[in-house]
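Side-chain atoms are counted along with the backbone in the values below, which use heavy atoms only and exclude waters and symmetry mates.
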Amino acid sequence: MREKLLNLKNEALAQIISATDPEELEHLRAHYLGKSGVLNQFAKELPLLPNDLKSETGQLFNEIKSAIADALASNSQASIPKSQNFDSSLPGIRPPLGHLHPVTRAIDEISSIFEKIGFIRVRYPEVDWDWYAFESLNMPKSHPARDDWETFFVDAPEHPKLGKIVLTPHTSNGQVREMERLGQPPIRMINIAKCYRRQSDVSHTPMFHQFEGLVVDEGINITHLKGTINYFVTHFFGLERKSRLRPNHFQFTEPSFEVDVTCDICLGKGCKLCKEGWLELGGAGMVHPNVLRSGKIDPKRYTGFAFGWGVERTYMMKSGLKIPDLRLLYSNDIRFLNQF
Ligand code: FA5
């Protein structure tokens, strides 16, 4: 009896689960639970069992009866007529789609603007020797200008010639590496990579990106630098935005400049946000002869210009974008990122 009941349960549940329409389900209900159904036949036989088996088999009978009743009730899909269940004319549910991070988009846009005028996109190590990050760039070990870069040093053995290992604080480490890669000019590099500094506030993040341009050839002068900056500014920000060069100092360029772009709100007139009408884009200048020498390029024959700007800061200056705190870009807050 026990075995028969268990077989009955398995058979019933298999049939109920695979039932696909309400009629079939009704038929199964009558077959198993109906007045003259299979389970009632078993119920009639229960009193005839020997006393020692009665209670145990009775309990199993009840369990199986409720398991079959539950299965019939929960197969609700099958109990609703198909025509009511699915309306094929309803519009589909659009799955949520992500998009590229705004910084990745900015990097793609910056690369394509420079690639159109013959710059080659490269990427150099983000963990590099002191030689490439500082010393080859005319910044001797003891030079106080190094403090400006607030560098993270890696706790690793020093190289006898290349020095310590650093998390690159700027993309200028690509300058001498590119000179070494090509061996000789012409050079037209755009190096975009992550940079790291011990800084964190509304306009600084400890990890950020820079894009570094380097052009070296015969007869390169400041007008080429100014023309390249104008080209970038009008393509990235729009024709109404202007750029200017302001004198500055970097060890690896001479002369050196800070590049400004007109404010997206007042377009150079001066407003509460920018005060004087200009926003700072980043550094630039004519490559210092010592840097060319580090890259084994003859400074008597060749000259060059370089610039290095922050991707996030440059992106924030686009018209119409109001990003109050640079750190929001890396907060992974989906409500913030969804706006772009
Ligand atoms: C430099 O890093 C120079 N290597 C730039 C350069 C290259 C000058 C080639 C001349 C020739 P500076 O420290 O000013 O310069 O940084 C350049 C830009 O990086 C800044 O204007 C800013 O846009 C961005 N930047 C710097 N630190 C941070 C930071 N912590 N968070 C976000 N952006 C930053």
Side-chain angles (χ1 to χ4, degrees), residues 107 111 119-200 204-218 220 248-257 282-311:
I107 289 174
S111 308
F119 281 71
I120 309 290
R121 167 83 200 269
V122 294
R123 221 177 144 160
Y124 282 115
E126 291 163 1
V127 180
D128 207 351
W129 300 106
D130 179 289
W131 163 258
Y132 290 106
F134 293 122
E135 204 147 336
S136 67
L137 299 173
N138 197 34
M139 296 167 87
K141 279 197 179 61
S142 56
H143 200 284
R146 281 188 180 212
D147 294 346
D148 298 344
W149 273 263
E150 303 199 42
T151 311
F152 289 105
F153 287 89
V154 175
D155 195 5
E158 262 185 57
H159 186 283
K161 285 194 186 124
L162 305 173
K164 292 186 177 160
I165 298 176
V166 299
L167 301 190
T168 49
H170 56 174
T171 41
S172 301
N173 68 315
Q175 292 193 16
V176 170
R177 281 193 172 273
E178 182 70 348
M179 294 176 198
E180 286 175 352
R181 182 179 80 87
L182 293 175
Q184 57 170 17
I187 296 173
R188 269 189 206 181
M189 156 194 105
I190 188 83
N191 173 31
I192 311 184
K194 291 192 184 81
C195 302
Y196 305 85
R197 294 187 193 182
R198 293 159 60 96
Q199 299 167 338
S200 180
H204 295 87
T205 46
M207 187 286 295
F208 59 101
H209 297 78
Q210 278 188 350
F211 56 108
E212 180 100 4
L214 174 72
V215 171
V216 181
D217 208 343
E218 283 178 6
I220 296 292
N248 197 6
H249 173 77
F250 291 104
Q251 278 293 116
F252 32 92
T253 45
E254 182 58 38
S256 302
F257 308 100
M286 299 306 293
V287 181
H288 195 288
N290 285 350
V291 178
L292 293 173
R293 279 186 202 106
S294 298
K296 308 216 164 26
I297 289 177
D298 180 3
K300 288 200 183 94
R301 179 166 172 203
Y302 295 104
T303 48
F305 69 76
F307 55 86
W309 306 330
V311 172

For Gln199, what residues pass the side-chain contact (heavy atoms from CB on, under 4.5 Å) criterion, not counting sequence neighbours? Glu150, Arg197, His204
Which heavy atom of Leu214 sits nearest to which heavy atom of Ala306, and what is that distance? CD1-CB, 4.1 Å
What is the distance from atom CZ of Phe152 to atom CE of Met207, rounded to the nearest 0.5 Å? 11.5 Å
Name all residues meeting the side chain to side chain donor-acceptor pair (under 3.5 Å) criterion together with Gln210; count only those two or more places apart in sequence or in a different chain, and write none if there are none. Thr171
Got a sec, which residues hit side-chain contact (heavy atoms from CB on, under 4.5 Å) with Pro206, two or more places apart in sequence or on another chain? Ser200
For the atom pair OH (Tyr124) and OG1 (Thr168), what is the distance rounded to the nearest 0.5 Å? 13.5 Å
For Thr253, all residues meeting side chain to side chain donor-acceptor pair (under 3.5 Å), sequence neighbours excluded: Ser256
Is there any ring-ring contact (aromatic ring centres under 6.0 Å, His included) pair reaching into residues 159-190, and which pairs are they, with sequence neighbours excluded? Trp129-His159, Trp149-His170, His170-Phe252
Does anything in residues 294-309 pair up under side chain to side chain donor-acceptor pair (under 3.5 Å), and if so which pairs, sequence neighbours excluded? Glu218-Arg301
Using residues 137-146 as the side-chain source, report each donor-acceptor pair under 3.5 Å to any protein atom, sequence neighbours left out, with the distance given to one decimal.
from, atom 1, to, atom 2, distance (Å)
Asn138, OD1, Asn290, ND2, 3.0
Asn138, ND2, Gln251, O, 3.0
Asn138, ND2, His288, NE2, 3.4
Lys141, NZ, Glu135, OE1, 3.0
His143, ND1, Ala145, N, 2.9
His143, NE2, Gln251, OE1, 3.2
Arg146, NE, Met139, O, 3.3
Arg146, NE, Pro140, O, 3.3
Arg146, NH1, Asp130, OD2, 2.8
Arg146, NH2, Asp130, OD1, 3.1
Arg146, NH2, Met139, O, 3.0

Tell me the salt bridge (Lys or Arg N to Asp or Glu O under 4.0 Å) pairs involving residues 180-192, sequence neighbours left out? Glu178-Arg181
Show your reasoning for whether side chain to side chain contact (heavy atoms under 4.5 Å, CB included) applies to Phe250 and Phe257. CA-CA 8 Å; Phe250 291 104; Phe257 308 100; over 6 Å; no
With Glu254, which residues qualify under side chain to side chain donor-acceptor pair (under 3.5 Å), at least two apart? none
Side chain to side chain donor-acceptor pair (under 3.5 Å) with Ser111: which residues, sequence neighbours excluded? Arg121
Taking salt bridge (Lys or Arg N to Asp or Glu O under 4.0 Å) as the cut-off, I'd like each qualifying pair that reaches into residues 162-177, sequence neighbours left out, listed once. Asp128-Arg177
Name the residue from Ile220, Asp217, Val216, Val287 that meets the side-chain contact (heavy atoms from CB on, under 4.5 Å) definition with Ile187. Val216
Stepwise, does the side chain to side chain contact (heavy atoms under 4.5 Å, CB included) test hold for Phe119 with Asn191? CA-CA 9 Å; Phe119 281 71; Asn191 173 31; over 6 Å; no
Residue set satisfying side-chain contact (heavy atoms from CB on, under 4.5 Å) with Val154, at least two apart, ordered chain then number -> Val127, Ala156, Ile165, Leu167
